[in-house]
**Student:** 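Here it is: the structure, laid out below.
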Amino acid sequence: MAVLLAGGAGYIGSHTAVELINSGYDVVVADNYSNSCPESIKRVEKITGKTIKTYEVDIRDSQAIEKIFVENDIDAVIHFAGLKAVGESVQKPVMYYRNNIDTTLSLLETMSKYNVKNIIFSSSATVYGEENPVPYFETMKRGVCTNPYGWTKAMMEQIFEDAAKADPELSVILLRYFNPIGAHESGMIGEDPHGIPNNLMPYVSQVAVGKRECLTIFGNDYPTADGTCTRDYIHVMDLAAGHVKAVDYIMNNNCVEIFNLGTGVPYSVTEIVQTFEKVNGIKVNHVYGARRDGDLAECYANADKAYEVLGWKTQRNLEDMCRDTWNWQKNNPEGYGR
Ligand code: NAD
Ligand code: UD1
């Protein structure tokens, strides 16, 4: 059975490729490398010992992606391909809507043409917005998003739901990721952000490796136990395993389902820094600064549904996440060197 990973050379796609191959699936990767590089897939090949068919293609280009469906017997698609930097989405909203929505439409059109009926989508906890109380349940309504990136996710969820309503044979799984961090245990693949990282963990590890001087912790006056924001950090390999369970499920069930992929356990920014320092025996220079616009005090999942329906739950703890992040960063101080 072949699974097409659209955006599969990226951080989550590459880790998912490892888990799918290890579970016996064939994978085909399509990526335009706008935020990744072919080296990540070469490393996946080294880890798994399997050759992966890859296409350098813009997923928005329906004609170009048709070739993939003609040349391969695709059973399911996982749609990772998207732009994901929240701040950039505020500066360049049209680029975000164009890329994220168009990739979705092209995939759905081409799948329909080639009679492929299973799609799994990389959504985000961001769609819960500001109004819903934590922990977030899948039954809650999508909220008001705080930035264009978030709106693209909410809109794409709606597009998938509408498409499935119109075509009852189409199965859709919307996976709402919480905060993926960590790396494959080998340290051969990991997160490789361009420029100054926006997200916490890559910033922490780049300070630890000496690439950045000091981490600013955004706000210590939140109504949380230590005053810093809490998030539901999830090991990227646990997240990858969640995708395998979702593929197993969608192959056997005609469904439209939403699953939170998180641990259900929130940790604060200060706890992340302290755990990283303790587990790795390394200092992370940090100062407390002003709050960042748009940040919520708390964000964490209720992850029961994924366990009850998919039989999936996380296996790795915060120490594992911090250790594996550092293992990747110290072995690859320049990431993939792109
Ligand atoms: P990533 O940037 O590492 O991976 C996305 C991949 O998609 C990249 O390889 C990029 O080159 C590719 N891509 C983007 N636009 C494309 C296009 N038009 N055609 C072909 N390829 C294209 O990001 P990631 O962290 O692996 O995230 C994967 C997905 O999960 C994204 O949709 C993201 O929004 C979503 N997500 C990520 C997080 C997170 O914290 N990392 C959280 C929630 C949701
Ligand atoms: C952010 C996005 C979310 C997106 C996710 C993955 C916002 C409001 N949300 O989530 O939509 O799905 O990234 O791309 O941007 N922090 C610091 N110092 C730093 C960086 C972060 O203190 O240098 C703190 C933040 O204030 C936050 C926590 O660390 O409390 C996690 O931040 P981050 O990794 O950016 O993720 P989110 O903001 O949760």
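The shown structure was predicted, so the numbers you read here are calculated from the model rather than taken from an experiment. Counting starts at 1 for both ligands and their atoms, following the listed order.
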**Student:** For atom 18 (N) of ligand 2, tell me which residue out of Thr216, Val90, Asn179 has the closest non-hydrogen atom.
**Tutor:** Thr216
**Student:** Filter on salt bridge (Lys or Arg N to Asp or Glu O under 4.0 Å), then keep only pairs touching residues 271-291, sequence neighbours left out; what's left?
**Tutor:** Asp221-Arg291, Glu277-Lys283, Lys278-Glu319
**Student:** Look at the aromatic rings of His15 and His184 and report parallel, tilted or perpendicular, splitting at 30° and 60°.
**Tutor:** tilted
**Student:** Identify which of Phe218, Tyr233, Tyr203, Tyr177 has a heavy atom lying nearest to atom 19 (C) of ligand 2.
**Tutor:** Phe218
**Student:** Consider ligand 2: state whether an atom of it lies below 4.0 angstrom from any non-hydrogen atom of Gly294.
**Tutor:** yes
**Student:** Taking only non-hydrogen atoms of Ser124, do any sit less than 4.0 angstrom from ligand 2?
**Tutor:** yes
**Student:** Is it true that Val57 lies under 4.0 Å from ligand 1, counting heavy atoms only?
**Tutor:** yes
**Student:** For ligand 1, is Glu191 a contact, meaning one of its heavy atoms is under 4.0 Å away?
**Tutor:** no
**Student:** Could you identify the single nearest non-hydrogen protein atom to atom 31 (C) of ligand 1 and state the distance to 0.1 Å?
**Tutor:** Phe80 O, 3.2 Å
**Student:** Within the 3.5 Å criterion, strictly below it, is a donor on Asn72 or Tyr55 matched to an acceptor on the partner's side chain?
**Tutor:** yes
**Student:** Strictly under 4.0 Å, does any heavy atom of Ser40 approach an atom of ligand 1?
**Tutor:** no
**Student:** Report, in ascending order of atom number, the atoms of ligand 2 lying under 4.0 Å from any heavy atom of Ile217.
**Tutor:** 22 (O)
**Student:** To which of Gln206, Arg231, Lys84 does the heavy atom nearest atom 39 (O) of ligand 2 belong?
**Tutor:** Arg231
**Student:** Check whether any N or O atom of Arg292, backbone or side chain, sits under 3.5 Å from an N or O atom of ligand 2, and answer yes or no.
**Tutor:** yes
**Student:** What protein heavy atom is closest to atom 22 (C) of ligand 1, reported as residue, atom name and distance in Å?
**Tutor:** Asn32 OD1, 3.1 Å
**Student:** Below 4.0 Å from ligand 1: does a non-hydrogen atom of Asn99 turn up there or not?
**Tutor:** yes
**Student:** With atom 24 (P) of ligand 1 as the reference point, say which of Lys84, Arg176, Arg60 has the nearest heavy atom.
**Tutor:** Lys84
**Student:** Identify the protein heavy atom lying closest to atom 27 (O) of ligand 1, giving its residue, its atom name and the separation to 0.1 Å.
**Tutor:** Ile12 CD1, 3.7 Å
**Student:** Quiz question: by atom type and distance under 3.5 Å, do the side chains of Glu88 and Tyr96 form a donor-acceptor pair?
**Tutor:** yes
**Student:** Taking the six-membered ring of Tyr128 as reference, does the NZ or CZ atom of Arg142 fall below 6.0 Å from its centre and within a 45° cone about the axis?
**Tutor:** no
**Student:** Between Ile272, Leu296, Asn220, Asp295, which one has a non-hydrogen atom sitting closest to atom 25 (C) of ligand 2?
**Tutor:** Asp295
**Student:** Closest non-hydrogen protein atom to atom 30 (O) of ligand 2, residue and atom name please, with distance?
**Tutor:** Cys229 CB, 3.0 Å
**Student:** Indicate whether any N or O donor in one side chain lies under 3.5 Å from an N or O acceptor in the other, for Thr216 and His286.
**Tutor:** no
**Student:** State whether Asp248 and Lys245 are salt-bridged, where the test is any N-O pair (Lys NZ or Arg NE/NH1/NH2 against Asp/Glu carboxylate O) under 4.0 Å.
**Tutor:** no
**Student:** What do you reckon, does Tyr222 put a non-hydrogen atom under 4.0 Å from ligand 2?
**Tutor:** no
